[in-house]
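In what follows, a single structure is set out as structure tokens and then discussed.
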Amino acid sequence: MAPSPTGSMHIGNLYGAVSDERIAHTSGGTFILRIEDTDDKRKVEGGVEKIIKYFSRFGLEFDEGATAEGDNGKYGPYRQRQRAKFYHIIARKLVLDGRAYPCFCSEEDLKLAHEKQESEKENFGYYGKWAIHRDMDIDEAIEKIKNGESFVLRFRSLGNPEKKIDFKDGIKGNLSFPENNQDFVLLKSDGIPTYHFAHVVDDHFMRVTDVVRGEEWLSTLPWHVELWSACGFKRPRFSHTAQVLKFDEETGAKRKMSKRKDPESTLEFYFEKGYPANSVLEYLMTLLNSNFEQWRSANPMASYKEFDFKTSKMGSSGALFDLAKFNDVSKNVIAKMSAEEVLEGVLAWSKEYDNEFYTLLSKDKEYAKAFFSIGRGGKKPRKDFACWSEVKDFVSYFYNELFSVNEEEYPEKISADERKKILAEYINVYSAEDDQNGWFEKVKALSESFGYTTDMKAYKQNPESFKGSVTDVSTVIRVAITGRQNSPDLFAICSLLGYDTVIERLKNA
RNA sequence: GGCCCGUUGGUCAAGCGGUCAAGACACCGGCCUCUCACGCCGGUAACGGGAGUUCGAUUCUCCCACGGGUCACCA
């Protein structure tokens with residue numbers, strides 16, 4: 001993994017990191033972190049620490065490379081700014097081999113050339129007759145350098161674009177493209193390498209065997225192919241991943257995820273909403289390997305790390321990020337957690353994002369664990385929430401501090417007057433001693449006494465011929481106690497709330 | 001504009017010359033002795049267009065269209 005320390009982390013970075021990590025660790029390899037800080041303009045203070053911290057939150061630990069404290073590994077340094085001597089040694093070799101030369105063009109010169117190329121409908125770039133310093137007299141060049149003229153070091157391409165080269169990519173399969181003829185920049189005027197040069201030198205000296213990077217690098221692959229061979233290095237395997245895309249509501253087309261338009265593109269989004277790290281990983285795995293979902297349904301409890309990850313199973317076209325699907329994945333992840341794990345997750349999240357909720361939860365953790373246990377753990381666990389920020393709303397009625405009833409929640413067909421009578425009567429019969437069955441028998445009896453049927457089959461077949469059903473009565477009770485029409489098992493809720501609270505809420509209703 | 005990559009239901013996708021073209025999400029019905037959720041059963045819905053190769057093309061070739069990427073002293 002070789003990010004720039006820009007301080008912002010994108011879902012695409014994580015997508016790449018997960019595939020890097022899986023490929024490394026399923027093949028007995030080493031997962032390396034190298035910091036690509038060759039561009040000063042993009043560097044942000046603390047960016048490296050942030051990258052490491054974020055990856056760690058997703059369980060991605062590097063075997064080797066840059067760490068917050070320094071370097072870990074024998075092929076360092078792992079920050080490109082500290083590796084100048086490596087680049088300069090290879091640059092010297094290329095110059096001596098006649099494969100690199102100084103170029104004195106200013107930005108202005110290059111811009112002019114570009115405009116000319118445009119008007120003459122020629123290909124852009126520095127090549128052929130446009131490479132004006134390529135065949136400059138060596139003494140003249142030395143003289144200019146001695147005079148302190150600014151220059152960059154360019155690659156001397158020997159490629160012929162008439163010729164095609166075949167290339168085997170780990171994800172895209174067989175590719176074919178023209179040979180490179182661009183004399184691209186190796187060292188910038190400040191002596192710092194460009195990505196193209198740095199990656200070749202670093203990957204060689206760091207003994208990298210597999211490069212996994214985004215498909216935006218495909219177009220410069222011919223450059224890299226020629227450069228690898230000019231350096232005399234053995235090329236690693238390359239795999240170019242498809243991009244994570246997003247459906248644009250405005251234009252109705254797929255496009256790259258954008259930091260500005262798509263909140264879900266930044267990792268902070270997942271932290272703020274409180275999605276478990278595993279949910280994100282799980283979803284990325286479904287995007288990454290098409291057979292992951294199948295494997296998952298056969299191995300519901302296994303760690304995703306047990307899955308046999310294959311680059312050949314990675315999609316070669318960009319995948320849309322689907323929030324609805326992601327939420328479903330996350331619900332499944334949470335549904336498999338124990339009440340304790342759920343509490344832990346909500347606690348950690350609320351501590352940072354919802355202090356009121358955090359205080360309530362930590363006041364009595366056993367109580368919280370108990371209500372998180374409702375409908376959890378069995379064969380058919382509830383799937384109520386996709387992230388921790390949704391939890392509060394689901395469990396608010398367990399706390400008097402959060403509990404409130406909106407009149408509109410009560411069923412319309414029952415008048416306020418009738419409702420009060422029903423609830424008053426229910427107070428008389430409600431007992432903390434009842435078990436699940438006894439509890440429901442009382443609700444049924446109550447319904448019958450007010451003329452509501454308990455024969456649901458008959459009611460469904462012919463609802464008009466009844467005043468209402470036991471559903472209506474239990475909804476009245478449910479709203480009075482939970483403030484909402486939908487909830488998990490009401491008996492379990494009442495048991496947890498305790499007799500006094502239940503009666504109090506019924507009285508206040 | 002050049003070059004490269006891609007195009008199967010609303011979305012993610014399997015498929016790798018002969019399939020009634022999987023599966024998942026979403027959606028719509030139905031069932032599950034209170035709601036919701038879960039689960040189960042069922043349903044709607046797809047090979048961008050045109051040539052060619054072939055007994056036979058979603059699968060192979062070519063052309064076109066569309067989408068994406070790239071053409072920096074950014075990565």
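As a basis for the values below, the full set of heavy atoms in this structure was taken, side chains included, without hydrogen atoms, waters or symmetry mates. Throughout, a chain's letter reflects where its sequence line sits, starting with A, and its residues are numbered from 1.
In the set C4(B), C73(B), A24(B), A24(B) carries the atom at the smallest distance from any side-chain atom of Lys325(A). Nearest nucleotide to the Ser290(A) side chain, out of G69(B), A72(B), A13(B): A13(B). Checked against C73(B), C5(B), C74(B), the side chain of Asp39(A) finds its nearest nucleotide in C74(B).
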Letter per nucleotide, 5' to 3', of nucleotides 34-43 of chain B [B base touched, S only sugar-phosphate touched, - untouched; heavy atoms, 4.0 Å]: BBBBBS----
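Between Tyr270(A) and Phe326(A), the ring center distance clears the sub-6.0 Å criterion. For Tyr195(A) and Trp217(A), the distance between ring centers is under 6.0 angstrom.
Taking only side-chain nitrogens and oxygens, Lys313(A) never comes nearer than 4.0 Å to OP1 or OP2 of A13(B). For the OP1/OP2 pair of A75(B) and a distance below 4.0 Å, the side-chain nitrogens and oxygens of His199(A) include no atom meeting the criterion.
Residue Ser150(A) is out of contact with every strand shown, counting any heavy-atom pair closer than 4.0 Å. If you check every strand for non-hydrogen atoms under 4.0 Å, Ser4(A) touches sugar and phosphate atoms only. Nucleic acid contact class of Thr38(A) (heavy atoms, under 4.0 Å, all strands): sugar-phosphate only.
Only the P atoms considered, A51(B) is 30 Å distant from A13(B), to the nearest whole Å. For the P atoms, the distance linking A57(B) with A45(B) amounts to 25 Å, nearest Å.
Residues of residues 153-169 of chain A that place a heavy atom closer than 4.0 Å to RNA chain B, in numerical order, are Arg154(A), Lys164(A).
The distance from atom OH of Tyr126(A) to atom C1' of C71(B) is 17 Å, rounded to the nearest whole Å. Atom CG of Asn289(A) is separated from atom C1' of A14(B) by 13 Å (rounded to the nearest Å).
Between the side chains of Lys383(A) and Asn332(A), at least one donor N or O lies within less than 3.5 Å of an accepting N or O.
For RNA chain B, each stem of at least three Watson-Crick or G-U pairs (distances under 3.5 Å) is given as range with range: B:1-7 with B:65-71, B:10-12 with B:23-25, B:27-31 with B:39-43, B:48-52 with B:60-64.
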Trace of the salt bridge (charged side-chain N to carboxylate O under 4.0 Å, His left out) decision for Lys331(A) with Glu390(A): CA-CA 11 Å; Lys331(A) 281 181 179 175; Glu390(A) 290 175 356; 5.7 Å; no
